[in-house]
Amino acid sequence: MQFATSAIHAGQAPDPMTGAVINPIYMTSTYHQASPGEHKGFDYSRTNNPTRQSLETCLAALEGAAFGLAFASGVAASSAVMNLLGQGDHVVVGDDVYGGTFRLFDKVFTRYGLSYSWVDAANPAAVRAAIRPETKMIWVETPTNPLLKLVDITALASIANDAALMLAVDNTFATPYLQNPLSMGAHLVIHSTTKYIGGHSDVVGGAVLTNDRTCHQNLKFHQNAVGAIPSPFDAWLTLRGVKTLALRMRQHELNAAQVAAYLCQHPAVVEVHYPGLPQHPHHGLAKRQMRGYGGMVTFTLVGGFDAAKIVGQRSKLFTLAESLGGVESLMCHPVTMTHGSIPESQRLERGITGGMLRLSVGIEDIDDLIADLDQAFDGLSEA
Ligand SMILES: *Cc1c(COP(=O)(O)O)cnc(C)c1O
């Protein structure tokens, strides 16, 4: 099945009991057993639930994975992956990852004896150089957040295989519509389904996909043991969202390309980060590795923090809010919002400055979106 078909049909056959075309929301904690230990594959809803299972099957199909697990949030999914590791293990992490991932690794898992090296994962040599005898995993995001740098998954998979490490890729920004890391040699794919997969900013969730059976069984054990599962209703909402992922991603990209072009010519803007721009430093890699360039655009204003504040206050259609990937356009100020938990010195080292804004370009009419930016930029200091 092709992507758009799987999104609508994988794991979503009509209900055998009633013929309902849409999977029921199985709001049940427990299941009848015909005799002790004899059940239909479901015994308790933390362990397994039919609505959640539909979502897991669908997401696995979209990533070309043999196995999929759904979690209560993206960070719960990331946390489950860290549960694969133990005291003394070391992870090489891209330095431009989601702020919550940084917080989870640096503030939580270091207390349990994991250690992390933060490197520019866009440079495979830097990743290789950071590997130690106790390294067990490489963890990256691509495109990265908020700078939209590209990480070469195939190159890192080869480094991971040489050193017998797992390569985990957070594929939230690209979505399975634009990129399938497992097909490039990654061992684990992580999603915050809160973003493009859910797509309507109405549900929080996460997922982990893999082809490795042992890894899956281990994750499944932790999903059940730790218990950060989504409710059947959350799973159902996410499934409803994912059906239109292909359509939405096409429109997000069309709009984002036009927003990026508009920003490039605006004198109040110093820098535009969008992988679809020919001048983007990783444009060639984006072309090879992705089937499109996505809906995220980051830019920096000439006027710095003050200008970013004004634009944030004035923009109407671009709602000033955390998160991304919904049908509505959002604007985020990384320094005070998503990346607020990263110490200033590290933020500046990574090039995340006060004048930077990150747009999640929605699927509204492009003329309205450009007009909104235009009025927000009015009178700002120019280069
Ligand atoms: C939002 C996000 C997460 C965390 O997901 P939640 O659903 O908010 O817990 C992880 N990675 C990336 C890239 C994200 O954008």
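Computed from heavy atoms alone, side chains included, the values below leave out hydrogens, waters and symmetry copies. Whatever order the structure lists them in is the order used to number ligands and atoms, beginning at 1. These figures come from a predicted structure and were not determined experimentally.
- Which parts of ligand 1 touch S192 is read off a 4.0 Å heavy-atom cut-off, strictly below it: atoms 1 (C), 2 (C), 3 (C), 4 (C), 5 (O), 6 (P), 7 (O).
- Of all the atoms in ligand 1, the ones that sit under 4.0 Å from a non-hydrogen atom of S73 are 7 (O), 9 (O).
- Taking the six-membered ring wherever Trp is involved, the centroid distance between the rings of W236 and Y26 does not fall below 6.0 Å.
- Pairing each heavy atom of C332 with each of T338, the nearest pair is SG-OG1, 3.5 Å.
- In terms of protein heavy-atom proximity, atom 2 (C) of ligand 1 is closest to K195 NZ, 2.5 Å.
- Cation-pi check for R358 over F318 is not met; the charged atom does not lie both under 6.0 angstrom from the ring centroid and within 45 degrees of its normal.
- Protein heavy atom at the shortest distance from atom 4 (C) of ligand 1 is Y98 CE2, 3.3 Å.
- Counting only heavy atoms of the protein, atom 6 (P) of ligand 1 lies nearest to G74 N, 3.3 Å.
- When the heavy atoms of D170, L324, T172 are ranked by distance to atom 11 (N) of ligand 1, first place goes to D170.
- On a distance-only criterion, V75 and ligand 1 share at least one N/O pair closer than 3.5 Å.
- Closest to atom 7 (O) of ligand 1 among all protein heavy atoms lies T194 OG1, 2.6 Å.
- Ligand 1 has no atom lying under 4.0 Å from any heavy atom of S78.
- In this structure, V91 and L85 have side chains that are in contact, with non-hydrogen atoms separated by less than 4.5 Å.
- Ring pair H280/Y293: centre-to-centre distance not below 6.0 Å.
- Aromatic ring centres of H191 and Y196 lie farther apart than the 6.0 Å criterion allows.
- Within a 6.0 Å sphere centred on CZ of R132, heavy atoms belonging to other residues, nucleotides or ligands number more than 12.
- Per-residue contacts place E141 under 4.0 angstrom from the following atoms of ligand 1 (heavy atoms of the residue considered): 13 (C).
- Atoms of ligand 1 found under 4.0 Å from any heavy atom of G205 (numbered from 1 in listed order, with element): 7 (O).
- Annotation: cation-pi pair K136/Y116 absent, no NZ/CZ under 6.0 Å from the ring centroid and within 45° of its normal.
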